[in-house]
Amino acid sequence: MIKNYCIFVPRGKTSGRKDTYKFRLNKPLCEFILCCSVCLFLCPTIQMKMTGEKRFQDPLAGEVIFRKSRRCRRISIRVHPVRGICVSVPWFLRYDDGMRFYMQKREWVCMVAERQRERLKAAEAGGQAISMLSSGSRVRTLLSEIVFSRMAGAAGEACLDTPEPGRADAGGTGIIVRPLILEDVRQTGRLYLSPDKPLSRKTVCYPDTLPEEGSAALSSLLSDVLVKILRDEAKSLLPVRLSYLAGRYGMKYKAVSIKHNISNWGSCSALGNINLNLNLVRLPEPVCDYVLLHELAHLKYRDHGVGFHGFLEEMCADNMLRLSSLGDPYADEVMASVRKSRSARPYSHVLEREVKKYRLL
């Protein structure tokens, strides 16, 4: 005969009352609950087995990743322009349940993916996104215009030789970077930076022996070179700008680091350390400054509350007036959008919208 077990749960730790709620469970069910609790919370090996993924190639939408997670409580679908399509499935459900849910939403997924591809093409045409790199590709930053060029024949063989002084060799692959000064601001007197007016041109020359044009292998090699160039430019520019803005608005940070993140433009730790994405040098100066000011504001306000947004709006308004007075045409365009905005925080609203137009490399 199976005996009943009682589990007593106190109503409150501080109430001082001795009465309890009673739940009657039979012995096998009680032992099962206790066993599951031990497995879930005391055994990391079991927790790891609750996570996993399977891949499905959809002829219309492309690759779909089905990922199980113990944190997930319901089946959900995420469509990302870079990470692709991911279906999150709770660990207590089967992959077949996720597949049935995906097939029900397949038409919506294809529509969203197509819309994102169109936006990505428009962003690439406007220089706001970078996809496959090949000969003729151009990337503009606040400091330079980066041009990729395949050198065929004798010129390509020359790339494999030891580079001349002033040229950088990329990891022994024969890829070299040839810089050329386009403008000396000490002579022209220009006081602002703009991707439309680069100070130099850096031609990335690579030999004909590398993978064919349009291949993922070639794009990966060129992307590594591009990241190195962006990192060097970011290290020379971003700490200087951050220091200037911090001094202008009375903020003090502990250290600044340049990172290559794929999910955020910057971050600020509780210790006062600021991390900045190397892709910031691809943004126009007002938009780049907005990200820096956003992280500086976190030194005073850790959350995104009313005080944070009010402080950020004040700094953005002052900085935009400063940039506009320097003759930056892009700053004038942003100011025109600010005057048309109906938002309670027009400067932050417009600049945040400009940031979202750009894709991280």
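Start at 1 with the first residue, then count along the sequence.
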Considering residues at least two apart in sequence or located in another chain, which fulfil the salt bridge (Lys or Arg N to Asp or Glu O under 4.0 Å) criterion with [X]?
X: R119; value: none
X: R138; value: E145
X: D96; value: none

Please give me the minimum heavy-atom distance between [X] and [Y], naming the atom from each residue.
X: L360; Y: N264; result: CD1-N, 3.8 Å
X: R73; Y: F92; result: O-CZ, 4.2 Å
X: S134; Y: F148; result: O-CB, 3.5 Å
X: G214; Y: M132; result: O-CE, 3.4 Å
X: Y95; Y: E53; result: OH-N, 3.4 Å
X: K68; Y: L93; result: NZ-O, 2.5 Å

Would you say the side chain of [Y] lies within less than 4.5 Å of the side chain of [X], judging by non-hydrogen atoms?
X: I229; Y: V225; result: yes
X: S257; Y: I274; result: no
X: S144; Y: R201; result: no
X: H260; Y: N279; result: yes
X: V139; Y: L226; result: yes
X: V87; Y: V89; result: yes
X: P195; Y: Y330; result: no

- prompt: In chain order, what residues pass the side-chain hydrogen bond (donor to acceptor under 3.5 Å, both in side chains) check against D224, with sequence neighbours excluded?
  reply: none
task: Please identify each residue that fulfils side-chain hydrogen bond (donor to acceptor under 3.5 Å, both in side chains) with T188, with sequence neighbours left out.
output: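 In terms of side-chain hydrogen bond (donor to acceptor under 3.5 Å, both in side chains), with neighbours along the sequence ignored, T188 is linked to E183.
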Residues in side chain to side chain contact (heavy atoms under 4.5 Å, CB included) contact with [X], at least two apart in sequence or another chain:
X: R339; value: M335, A336
X: S135; value: R150, Y206, E213
X: K357; value: Q128, E354
X: S337; value: V350, R353

- prompt: Distance only, no hydrogens: is a donor on one side chain within 3.5 Å (strictly under) of an acceptor on the other, for D58 and Y102?
  reply: yes
[atom2] on [Y] to [atom1] on [X], rounded to 0.5 Å:
X: S243; Y: L238; atom1: OG; atom2: CG; answer: 12.5 Å
X: L222; Y: I175; atom1: CG; atom2: CD1; answer: 5.5 Å
X: L292; Y: M251; atom1: CG; atom2: CE; answer: 13.0 Å
X: I85; Y: K105; atom1: CD1; atom2: NZ; answer: 15.0 Å

query: Quick one: hydrophobic cluster around L180, which other residues, with the 4.5 Å side-chain cut-off, linked directly or via members?
result: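 Members other than L180 - counting any ILVMFWY side chain reachable under 4.5 Å - are L182.
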Without placing hydrogens or testing angles, list every side-chain donor-acceptor pair under 3.5 Å for residues 107-115, not counting sequence neighbours.
{"residue": "E114", "atom": "OE1", "partner": "R117", "partner atom": "NE", "Å": "3.4"}
{"residue": "E114", "atom": "OE1", "partner": "R117", "partner atom": "NH2", "Å": "2.9"}

Cation over ring face, R345 and Y347, 6.0 Å, 45°: no
- request: Without swapping roles, check the side chain of D97 against the backbone of R94 for a donor-acceptor pair under 3.5 Å.
  value: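 A pair under 3.5 Å: yes.
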side-chain hydrogen bond (donor to acceptor under 3.5 Å, both in side chains) between Y192 and K197, worked out: CA-CA 10 Å; Y192 64 91; K197 294 183 178 180; 3.2 Å; yes
message: According to salt bridge (charged side-chain N to carboxylate O under 4.0 Å, His left out), does anything in residues 236-264 pair up with another residue at least two apart or in another chain? List the pairs.
response: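 Passing the test, one end in residues 236-264: R241-E285, R241-D289, R248-D318.
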task: Please determine which of V281, L199, L230 meets the side chain to side chain contact (heavy atoms under 4.5 Å, CB included) test together with L143.
output: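 Single pass found, and it is L199.
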message: If the test is side chain to side chain contact (heavy atoms under 4.5 Å, CB included), which one of L271, L296, N273 qualifies with Y253?
response: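 The side chain to side chain contact (heavy atoms under 4.5 Å, CB included) with Y253 is passed solely by L296 among L271, L296, N273.
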- prompt: Centres of the F308 and H294 rings: under 6.0 Å?
  reply: yes
- prompt: Any salt bridge between K235 and D232, counting N to O under 4.0 Å?
  reply: no
field: Qualifying residue, where the test is side-chain hydrogen bond (donor to acceptor under 3.5 Å, both in side chains) with T141 and the options are E233, R282, K202
entry: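 Testing each of E233, R282, K202 against T141, the sole residue satisfying side-chain hydrogen bond (donor to acceptor under 3.5 Å, both in side chains) is E233.
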